[in-house]
Enquirer: 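Provided herewith is a single structure, encoded as C-alpha cells, for subsequent inquiry.
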Amino acid sequence: MAYRRLIVATLFLLAAALGLEAASALRPPLGLDAFMPFPADNPLTREKAALGRKLFVDPILSADRSISCASCHDPERSFTDERPKAVGVFDQVGPRRVPKLLNRGYGRSFFWDGRIPTLEEQVLQPVINSLEMDLEIPEAVARLATDPSYPAEFQEAFGREPNAEDLARALASYVRTILSGDSRYDRFVAGAAEALDDTERLGLEIFRGKGNCVTCHLGPNLTDERFHNTGVGYKDGRFADDGRFAISGRESDRGAFKTPTLRNVAQTAPYMHDGSLATLEDVIDDYDNGGTQNPYLDREIRKLGLTDAEKAALAAFLETLTGTVQEGLRP
C-alpha cells in the first residue's frame, strides 16, 4: 500500500512539474488531437500563455513600436491578414503571404519553407526580420526590462527577469493555445449527419475522391505538414521563390512549399504562399487545371476534370471547415 501511495505521489509531482494541469485546460475543440505537444523545458502554464498573449498584441517588439504580432496575425481573420504579402515596419513588403497560426502547436516545422523546427525558435524570427518587426533581441529584452509591468509578469511566469529565452517561451506558449475546431465538418464526422447538406456532402466526396485533396490535406489539422510543388509562382522557366529548395538543397524541393491547414480556409483569402489566388474558386480552378507545369511538379497534381457543379460543391464543403477559434487558457 505504501508503495502505491509513493507511486501516486510521484506521478502527481511529475504532472505538476510538466504543467499538465494547465495543459488540460487547453481543451482542444472537437476534431483536434486532445494531446498538445510541448518541449520539456517549456511546459504550458496559464502564466506563460497570458504573458505571451500580452506580448503578441504589444507593439513594443517592433523597431518603431508601430506593429505587433497581431498586426499581421489578426485574431479577427483567423490569425492572418488580407494582404497577398506580409507588410512590416516602415511599410516594407516581405516575399510571402502571412501564414495563419491556427493549430500551429501541432506543427512539425514552421514557415512556408519549414526552415525552423520548433515554435520556440520560430516566434522570434519575425521580431528580428528586417522586413517585419526589425528589432534585435537584446533591444527587445532591454525594453521589456524597463517597462513598468513586464518584469513582474516575467517573474510570475518564469521566476526571473525578462530574457530572450523566456520571451520565446512565452510567445510559443500563447501560440499553442490558438486553436480552431468544432466546425460543421467536425460535427458531421462525429456522427451528426444533419451538419452538412447534400451539396456539402458531395463536396466532401470530391475532397476525398475525384479532387484528390485529401492526399495532402489530411488528419485532424487537414495538412500533412510536408512540402509540395503545385506550380505556383512558376513563370518563364523559373520560380520567383524556390521555397523548400533554399533550405534542403534538393532539386526535387525547388518550388515546394508546406501544405497549410485548411481550418477556417474560407476566412483566409488570398491563398498560396504568394497570395496570388484571390478566392477559393480560383484555388479550385488552379488545381482542376493541374497546376502550372514545371520540372518539379508534385506527382499528385494533375488535371481533375471537375464539372461546374462539382467545383461549387467543393467550395461549399470548404466553407464547412470554418470552426470555433479559441486562444488562451481558460479557467
Enquirer: Tell me whether the rings of His273 and Phe257 are parallel (<30°), tilted (30 to 60°) or perpendicular (>60°).
Expert: parallel

Enquirer: Give a yes or no answer on whether the side chain of Ser62 reaches the backbone of Ser66 with a donor-acceptor pair at less than 3.5 Å.
Expert: yes

Enquirer: Between Arg187 (side chain) and Asp182 (backbone), is there a donor-acceptor pair under 3.5 Å?
Expert: yes

Enquirer: Look at the aromatic rings of Phe207 and His217 and report parallel, tilted or perpendicular, splitting at 30° and 60°.
Expert: tilted

Enquirer: Under 3.5 Å, is there a donor-acceptor pair between the side chain of Asn221 and the main chain of Gly219?
Expert: no

Enquirer: For the residue pair Lys54 / Ser149, report whether a side-chain donor-acceptor contact shorter than 3.5 Å exists.
Expert: yes

Enquirer: Backbone N or O of Asp197 within a donor-acceptor pair of the Glu200 side chain at under 3.5 Å?
Expert: yes

Enquirer: Checking the side chain of Thr80 only, and the main-chain atoms of Val98 only, is there a donor and an acceptor separated by less than 3.5 Å?
Expert: yes

Enquirer: Counting N and O atoms only, with roles assigned by atom type, does the side chain of Asn229 sit under 3.5 Å from a partner on the main chain of Arg254, one being a donor and the other an acceptor?
Expert: yes

Enquirer: So, Asp253 and Ser248: side-chain donor and acceptor under 3.5 Å apart, yes or no?
Expert: yes

Enquirer: Taking the inter-plane angle between the rings of Phe239 and Tyr296 on a 0 to 90° scale, is it parallel (under 30°), tilted (30 to 60°) or perpendicular (over 60°)?
Expert: tilted

Enquirer: Please answer whether the main-chain N or O of Val325 pairs with a side-chain N or O of Ser180 as donor and acceptor at a distance below 3.5 Å.
Expert: no

Enquirer: Centre of Phe111's six-membered ring, under 6.0 Å away, within 45 degrees of the axis: is that where NZ or CZ of Arg115 sits?
Expert: yes

Enquirer: Can any side-chain N or O of Ser109 pair as donor or acceptor with the backbone N or O of Ile116 at less than 3.5 Å?
Expert: no

Enquirer: Answer yes or no for Lys303 and Tyr287: cation-pi contact, defined as NZ/CZ to six-membered ring centre under 6.0 Å and angle to ring axis within 45°.
Expert: no

Enquirer: Please determine whether the number of non-hydrogen atoms from other residues, nucleotides or ligands lying under 6.0 Å from atom CZ of Arg83 exceeds 12.
Expert: yes

Enquirer: Relative to Phe154, does Lys48 satisfy both conditions: NZ or CZ under 6.0 angstrom from the six-membered ring centre, and within 45 degrees of the ring's axis?
Expert: no

Enquirer: Does Arg244 reach the main-chain N or O of Gly255 with its side chain, forming a donor-acceptor pair under 3.5 Å?
Expert: no

Enquirer: Ignoring hydrogens and geometry, is there a side-chain-to-backbone donor-acceptor pair from Asn289 to Gly291 under 3.5 Å?
Expert: no

